[in-house]
Amino acid sequence: MIRFHRLVKGDHMITLTQQTGILFPIAWLLGQIFNGLFNFLYWLSNLTGLSPIANIGICVVLFTIVTRLAMLPLTIKQQRFSKLSNMMQPEIQAIQAKYNGQKDNQSMLKMQEETKAVYEKYGTNPSSGCLTMLIQLPIMFALYRVIYKIPGYVTKIKAVLGTVAATIIGSGDGWLDTYNKATGLSLTLSEKVADSDTLIDSLYTLPSSGWDAVVNTFGDNIQTLSDQIQGYNNLFGISLTQAPGWRWSWALIIPLLAGVTQFISAKLMENRSKVKTTNGQEDQGQTMQNSMKIMNTIMPLVSVFFCITLPTCIGLYWITSSVVQIIQQLFINHSVAKMDVEEMVQKNIDKVNAKRAKKGLPPKKIENSASAYAEAVKKQEAIDARMSERDAKVKESNEYYSKGVAKPGSLAAKANMVKMFNERNEAGSKSDSDSKSSKNDKSDK
């Protein structure tokens with residue numbers, strides 16, 4: 001649904017091209033931020049005399065950085081939950097193994113109680129990661145709406161387009177047919193929508209050739225306004241209101257960069273999720289890891305596709321968002337790696353017991369297995385090292401006894417193995433005998 005600026009039939013006041021429904025408050029707030037940033041760039045361009053500064057592309061970059069920084073606490077919380085999930089998995093798996101096959105109500109309740117205790121110990125709950133993601137989703141949808149419908153939120157853009165729209169509508173009753181013929185569009189009007197608002201939306205998405213046609217058709221007095229709007233929406237010769245499309249142009253660098261940055265960001269997320277558990281395997285199952293790799297390959301390609309078919313300003317937002325996310329991910333990976341899990345667990349235990357004390361309950365002893373987990377990992381790594389050493393010796397022995405030209409498994413091959421075994425034992429016995437003889441000689445002397 002879309003809101004349009006102007007009183008229409010009835011007493012319902014609505015706003016030009018703004019998001020409605022449940023996302024309206026979020027989109028309105030983000031729109032105010034975007035409008036403030038553009039007004040700042042406009043003031044800066046007047047102050048410095050550099051008109052290119054007042055640009056929607058630069059505004060999109062700043063807007064993305066601001067909103068991403070605002071969501072940084074949620075991002076850190078999500079990464080923290082992921083780190084804790086990796087630490088909890090050995091204990092959760094041990095509880096599940098303990099009650100494996102026990103489907104009675106008493107066993108299921110005990111398993112839930114023990115699992116809940118593990119989450120309490122780490123100060124989190126199973127829905128933490130999903131809740132953080134659900135909070136971010138409406139914000140992301142509202143962000144897209146604001147960037148996609150600039151005239152509904154940036155007052156200076158709307159004012160310039162409104163002047164052009166008033167000139168076109170004031171040209172006569174047949175202005176719509178004339179406009180459609182000049183631009184090659186099929187614009188239609190609605191009884192419930194103001195004509196000027198419909199025209200403003202159409203004007204904003206016109207390519208340079210469309211603006212040339214409007215100027216030639218409705219008068220040269222529109223030329224200055226046309227240059228102004230196209231200047232706002234032109235970044236290094238790339239029109240931000242147009243999709244790059246499936247044709248060669250400099251605008252294709254936007255979807256290509258979107259795919260590359262998305263790929264790097266996905267790789268950082270993939271590397272962060274690889275954490276070993278007590279059984280020496282990665283925390284997530286092999287199937288989940290494979291699914292993640294497939295998604296990390298597909299998503300950059302999806303980014304490229306959408307950025308080719310959507311206006312370039314959306315692709316610019318996508319690139320900036322991925323770059324900011326890469327920087328954030330490097331920072332978060334560094335900070336999360338230094339987390340003292342054992343200390344954090346102890347603080348959570350203290351919080352749980354403080355709440356129990358307020359209720360008059362005795363302290364609840366929760367086993368702190370953070371150090372036990374680390375010790376188990378070390379033991380498992382030692383076991384893995386011994387197993388690797390044993391496998392290497394077995395391989396070496398097999399290669400030694402497999403020497404020869406006889407076909408493997410044949411009688412000749414088996415006879416050759418017996419022969420080599422005897423030779424090896426005789427060499428060993430001789431070495432031992434020589435060693436003993438040397439010791440006896442030294443003793444006699």
Side-chain angles (χ1 to χ4, degrees), residues 27 30-31 33-38 40-41 52-72 74-75 78-79 133 136-150 153-154 157 204-205 207 230-272 295-333:
L30 294 174
I33 296 172
F34 196 99
N35 187 46
L37 288 171
F38 186 82
F40 168 74
L41 292 175
I53 294 177
N55 188 275
I56 288 295
I58 298 175
C59 195
V60 166
V61 172
L62 294 177
F63 179 66
T64 309
I65 293 173
V66 169
T67 51
R68 274 287 179 181
L69 289 176
M71 290 192 291
L72 183 58
L74 291 176
T75 306
Q78 187 177 7
Q79 301 299 331
M133 182 64 72
Q136 291 185 43
L137 281 177
I139 298 174
M140 298 302 295
F141 289 142
L143 279 171
Y144 278 110
R145 187 64 191 180
V146 171
I147 294 173
Y148 198 69
K149 290 292 184 180
I150 298 295
Y153 299 95
V154 180
I157 298 287
Y204 185 72
T205 60
Q230 292 186 73
Y232 290 154
N233 289 291
N234 190 289
L235 186 66
F236 303 119
I238 299 173
S239 175
L240 299 173
T241 62
Q242 304 301 305
W246 303 96
R247 62 185 183 279
W248 170 250
S249 67
W250 284 112
L252 284 176
I253 195 172
I254 298 294
L256 290 177
L257 286 175
V260 170
T261 53
Q262 179 76 19
F263 177 78
I264 296 172
S265 177
K267 279 298 179 183
L268 284 174
M269 290 291 292
E270 181 182 330
N271 292 337
R272 182 196 56 77
M295 286 299 295
N296 290 344
T297 303
I298 292 176
M299 285 308 296
L301 297 177
V302 172
S303 300
V304 172
F305 174 79
F306 278 117
C307 291
I308 287 177
T309 56
L310 293 175
T312 305
C313 63
I314 296 294
L316 185 62
Y317 164 76
W318 214 314
I319 293 170
T320 310
S321 181
S322 295
V323 171
V324 174
Q325 187 172 346
I326 289 169
I327 297 171
Q328 286 182 349
Q329 195 63 56
L330 291 171
F331 167 75
I332 292 170
N333 286 356

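Quantities reported herein were computed from a predicted structural model and do not represent experimental measurements. Values below: every heavy atom of this structure, side chains too, minus hydrogens, waters and symmetry copies.
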Checklist entry - Under the criterion side chain to side chain contact (heavy atoms under 4.5 Å, CB included), which of I147, L240, I319, I254 is the partner of I314? => result I147
Roughly how far, to the nearest 0.5 Å, is [atom2] of [Y] from [atom1] of [X]?
X	Y	atom1	atom2	value
I327	R68	CD1	CZ	11.5 Å
S321	Q328	OG	CD	8.5 Å
Q262	Q325	CD	CD	7.0 Å
I150	C313	CD1	SG	6.0 Å
I33	N35	CD1	CG	11.0 Å

Checklist outcome for this item: Across all chains, not counting sequence neighbours, the side chain to side chain contact (heavy atoms under 4.5 Å, CB included) partners of N234 are none
With a 4.5 Å heavy-atom cut-off, do [X] and [Y] have their side chains touching?
X	Y	answer
L37	L41	no
L30	Y153	no
T312	P244	yes
Y232	V154	no
I56	F34	yes

Next on the checklist: Heavy-atom count check: over 12 atoms from other residues, nucleotides or ligands less than 6.0 Å from I326 CD1?
Outcome noted: yes
Checklist outcome for this item: Residues passing the ring pair (Phe, Tyr, Trp, His ring centres under 6.0 Å) test with Y144, sequence neighbours excluded, are Y317
Identify all side-chain donor-acceptor contacts of residues 59-67 below 3.5 Å with residues at least two apart in sequence or on another chain.
{"unit_1": "T64", "atom_1": "OG1", "unit_2": "V60", "atom_2": "O", "d": "2.6"}
{"unit_1": "T67", "atom_1": "OG1", "unit_2": "F63", "atom_2": "O", "d": "2.9"}
{"unit_1": "T67", "atom_1": "OG1", "unit_2": "T64", "atom_2": "O", "d": "3.0"}

Next on the checklist: Strictly by side-chain hydrogen bond (donor to acceptor under 3.5 Å, both in side chains), give each pair with a member in residues 242-261 just once, sequence neighbours left out.
Outcome noted: none
Under 3.5 Å, which donor-acceptor pairs do the side chains of residues 300-310 form with other protein atoms, sequence neighbours left out?
{"unit_1": "S303", "atom_1": "OG", "unit_2": "M299", "atom_2": "O", "d": "3.0"}
{"unit_1": "T309", "atom_1": "OG1", "unit_2": "F305", "atom_2": "O", "d": "3.1"}
{"unit_1": "T309", "atom_1": "OG1", "unit_2": "F306", "atom_2": "O", "d": "3.2"}

Checklist entry - Quick one: side chain to side chain donor-acceptor pair (under 3.5 Å) partners of T320, sequence neighbours excluded? => result none
